[in-house]
Number of protein chains: 2
Amino acid sequence: MMRYDSGMTTGIKIRPPSPRRGQAPQGRKPVITREDLITAALKLVGPNRSVSTLSLREVAREAGIAPNSFYRHFRDVDELAIALIDQAGRSLRKIIGEARYRAASGRSIVRSSVETFMEQLSADEKLLHIVLREGTVGSEAFKQAVERELHSFEEELCVDLIRLAELNKLPIYEPQLVAKAITRLVFAMGTAAMDLPPDRHPELIEDMVKILRMIMVGTQTMAREGIVAD
Amino acid sequence: MMRYDSGMTTGIKIRPPSPRRGQAPQGRKPVITREDLITAALKLVGPNRSVSTLSLREVAREAGIAPNSFYRHFRDVDELAIALIDQAGRSLRKIIGEARYRAASGRSIVRSSVETFMEQLSADEKLLHIVLREGTVGSEAFKQAVERELHSFEEELCVDLIRLAELNKLPIYEPQLVAKAITRLVFAMGTAAMDLPPDRHPELIEDMVKILRMIMVGTQTMAREGIVAD
DNA sequence: CATTTGTCTATACAACTGTATATTAATGAT
DNA sequence: ATCATTAATATACAGTTGTATAGACAAATG
């Protein structure tokens with residue numbers, strides 16, 4: 001699908017930024033890598049610009065290549081978008097690893113995990129932002145790529161929840177659902193946080209910590225006493 | 001911004017469906033309403049097609065009008081998208097009203113609310129789907145429209161949570177955060193449910209009920225005992 | 001060295017886009 | 001009935017789009 005912008009400066013269809021490459025075209029590039037295209041795409045997407053609105057030609061333009069060279073690495077822009085999501089999976093796994101590392105420091109695990117997550121987000125990981133923002137509209141392949149990363153994150157988190165519960169001799173009710181809830185919440189609230197100024201982030205971190213604690217208390221209480229709330 | 005599909009049948013950029021109006025153009029329409037355009041847009045968007053990819057001309061085409069007539073009702077497609085979100089707000093308020101009505105029936109409130117929500121979703125409310133699927137990428141005005149509806153929903157839910165807590169003489173910790181958590185979770189899981197076959201919905205409803213119960217137990221326990229979970 | 005292969009760019013095509021201007025048709029006022 | 005106003009359509013323009021084909025260039029091979 002093509003995208004076309006004839007000068008609109010308002011609306012959800014944002015005018016693509018003009019390529020800023022300073023000089024005239026530099027002639028033939030010696031080699032064009034897949035990473036060139038990924039980097040170019042990342043420059044184009046953002047909170048106001050969905051990957052689903054990217055056009056092949058503007059990615060090529062941003063990368064400083066001829067449009068036809070795009071096909072050396074990707075079949076179409078959807079395939080590039082899916083590659084972005086796959087790469088974002090690495091960032092998610094990095095978050096988990098870092099949270100595990102910090103969990104060993106003896107501080108509050110909920111808080112340190114939330115802070116870890118938010119720090120990584122604030123480090124302007126474009127890839128992370130994409131997987132958080134996108135994923136509910138797009139090709140089936142694209143949505144599945146996002147869903148895969150989400151589920152992978154959930155599963156890792158679930159393993160951690162169970163391990164920690166055993167370590168601390170605490171009960172846990174439905175750990176998989178707990179992991180799902182935490183993942184969905186943290187992703188949704190993390191996404192919202194990205195639209196707010198950084199001085200609002202501590203407040204949001206507090207909110208997230210409180211909510212996650214409610215969930216933890218709830219799961220422990222329900223496991224221990226079988227309480228059913230209405 | 002323009003969207004153009006030159007025959008791609010894969011990828012997140014889906015080929016716009018050909019207008020199916022059977023006959024030749026019927027000449028001048030006596031009157032064109034805003035609703036005509038909204039209806040046309042709703043026909044074009046879906047799980048694989050974001051509002052951010054709509055072009056003015058394809059909406060006009062779908063509505064059977066000349067492109068220039070679009071400007072009689074909307075400044076641009078973003079304004080149309082925001083109108084969709086505003087209308088979706090009505091559907092959300094309808095859900096809350098229905099949930100309140102059913103809450104009076106004496107059944108489990110969590111379950112009946114979740115079932116109400118899912119029934120309304122399954123009734124193929126295109127508008128609802130949009131507000132659930134979109135909202136994290138787009139123009140600032142668009143995202144704010146979505147956020148407004150989310151917050152409105154949260155506030156109504158918060159009022160209900162407090163009222164029910166008092167009615168049942170139960171404590172509640174941080175009702176606003178509870179409402180936020182519930183809203184975010186239900187919306188995220190509702191969105192995911194829409195991508196699954198209907199025979200999976202009961203299972204998903206069970207999951208949602210369990211998660212919401214955990215949150216309720218957590219908030220009540222924390223209010224009652226000041227427990228802090230890690 | 002010449003030739004072949006691989007890679008990148010240029011050109012072309014047919015289609016689309018948003019929006020401006022001109023034209024046409026319908027409605028309301030006189 | 002005529003005329004003015006409003007609303008819808010037609011036409012035009014300049015730009016974009018994905019992709020096909022041709023051309024140019026660099027590296028590898030014999």
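Below, chains carry the letters A, B, ... as their sequence lines are ordered, and counting in each starts from 1. From a predicted model like this one, the values you see are computed outputs, not experimental measurements.
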Checklist entry - Do the rings of B:Phe153 and B:Phe187 sit parallel, tilted or perpendicular, given the 30° and 60° boundaries? => result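 Correct class here is tilted.
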Starting at atom [atom1] of [X], determine the distance to atom [atom2] of [N], rounded to an integer number of angstrom.
X       : N      : atom1 : atom2 : answer
B:Glu58 : C:dA15 : CD    : C1'   : 14 Å
A:Asp76 : D:dA20 : CG    : P     : 12 Å
B:Arg72 : D:dT6  : CZ    : C1'   : 7 Å
B:Arg57 : D:dT16 : CZ    : P     : 16 Å
B:Arg61 : C:dA15 : CZ    : C1'   : 11 Å
A:Arg75 : D:dG18 : CZ    : P     : 14 Å
B:Asp36 : D:dA7  : CG    : C1'   : 14 Å
A:Lys29 : D:dA24 : NZ    : C1'   : 18 Å

Under 3.5 Å, sequence neighbours excluded: what are the donor-acceptor pairs made by side chains of residues 86-98 of chain B?
residue, atom, partner, partner atom, Å
B:Gln87, NE2, B:Glu35, OE2, 2.9
B:Arg93, NH1, B:Glu149, OE1, 3.4
B:Glu98, OE2, B:Arg102, NE, 3.2

Next on the checklist: Going by the rule salt bridge (charged side-chain N to carboxylate O under 4.0 Å, His left out), which residues pair with B:Lys210 if we only count those two or more places apart in sequence or in a different chain?
Outcome noted: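 Residues passing salt bridge (charged side-chain N to carboxylate O under 4.0 Å, His left out) with B:Lys210: A:Glu174.
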Item to check | Partner set under salt bridge (charged side-chain N to carboxylate O under 4.0 Å, His left out) for A:Arg72, not counting sequence neighbours | outcome: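 With sequence neighbours excluded, A:Arg72 shows a salt bridge (charged side-chain N to carboxylate O under 4.0 Å, His left out) to no residue whatsoever.
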Checklist entry - Charged N to carboxylate O under 4.0 angstrom, B:Asp195 versus B:Arg133? => result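 Judged by the 4.0 Å cut-off on N to carboxylate O distance, B:Asp195 and B:Arg133 do form a salt bridge.
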Next on the checklist: Counting the atoms with a prime plus P, OP1 and OP2 as sugar-phosphate, which does B:Phe70 contact under 4.0 Å by heavy atoms, base, sugar-phosphate, or nothing?
Outcome noted: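 Counting heavy atoms under 4.0 Å across all strands, no contact is made by B:Phe70.
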Checklist entry - Please, which pairs that meet side chain to side chain donor-acceptor pair (under 3.5 Å) have at least one residue in residues 176-185 of chain A, sequence neighbours excluded? => result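 Output for this query lists A:Glu147-A:Arg184.
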Short heteroatom pairs, N/O only, protein and nucleotides 22-29 of chain C, under 3.5 Å:
residue, atom, partner, partner atom, Å
C:dT24, O2, B:Arg28, NH1, 3.2

Checklist entry - Can you find a side chain N or O atom of B:Ser55 that sits less than 4.0 Å from OP1 or OP2 on C:dC16? => result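 Checking B:Ser55 against C:dC16: no side-chain N or O falls below 4.0 Å of OP1 or OP2.
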Next on the checklist: Taking 4.0 Å as the cut-off, does a side-chain nitrogen or oxygen of B:Ser69 come that near to OP1 or OP2 on D:dT9?
Outcome noted: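 Result: yes.
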Item to check | 5' priority, DNA chain D, between B:Ala66 and A:Pro67 [closest heavy atom] | outcome: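 By nearest-heavy-atom nucleotide position, the 5'-most residue is B:Ala66.
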Next on the checklist: Looking only at the side chain of A:Ile65 (C-beta and beyond, no hydrogens), which of the listed nucleotides C:dT9, D:dA8, D:dG18 gets closest?
Outcome noted: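 The answer is C:dT9.
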Checklist entry - Can you name the residues that form a side-chain contact (heavy atoms from CB on, under 4.5 Å) with A:Ser69, not counting sequence neighbours? => result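 Testing A:Ser69 for side-chain contact (heavy atoms from CB on, under 4.5 Å), a comparison that skips the adjacent residues, returns A:Ile32, A:Ile65, A:Ala66.
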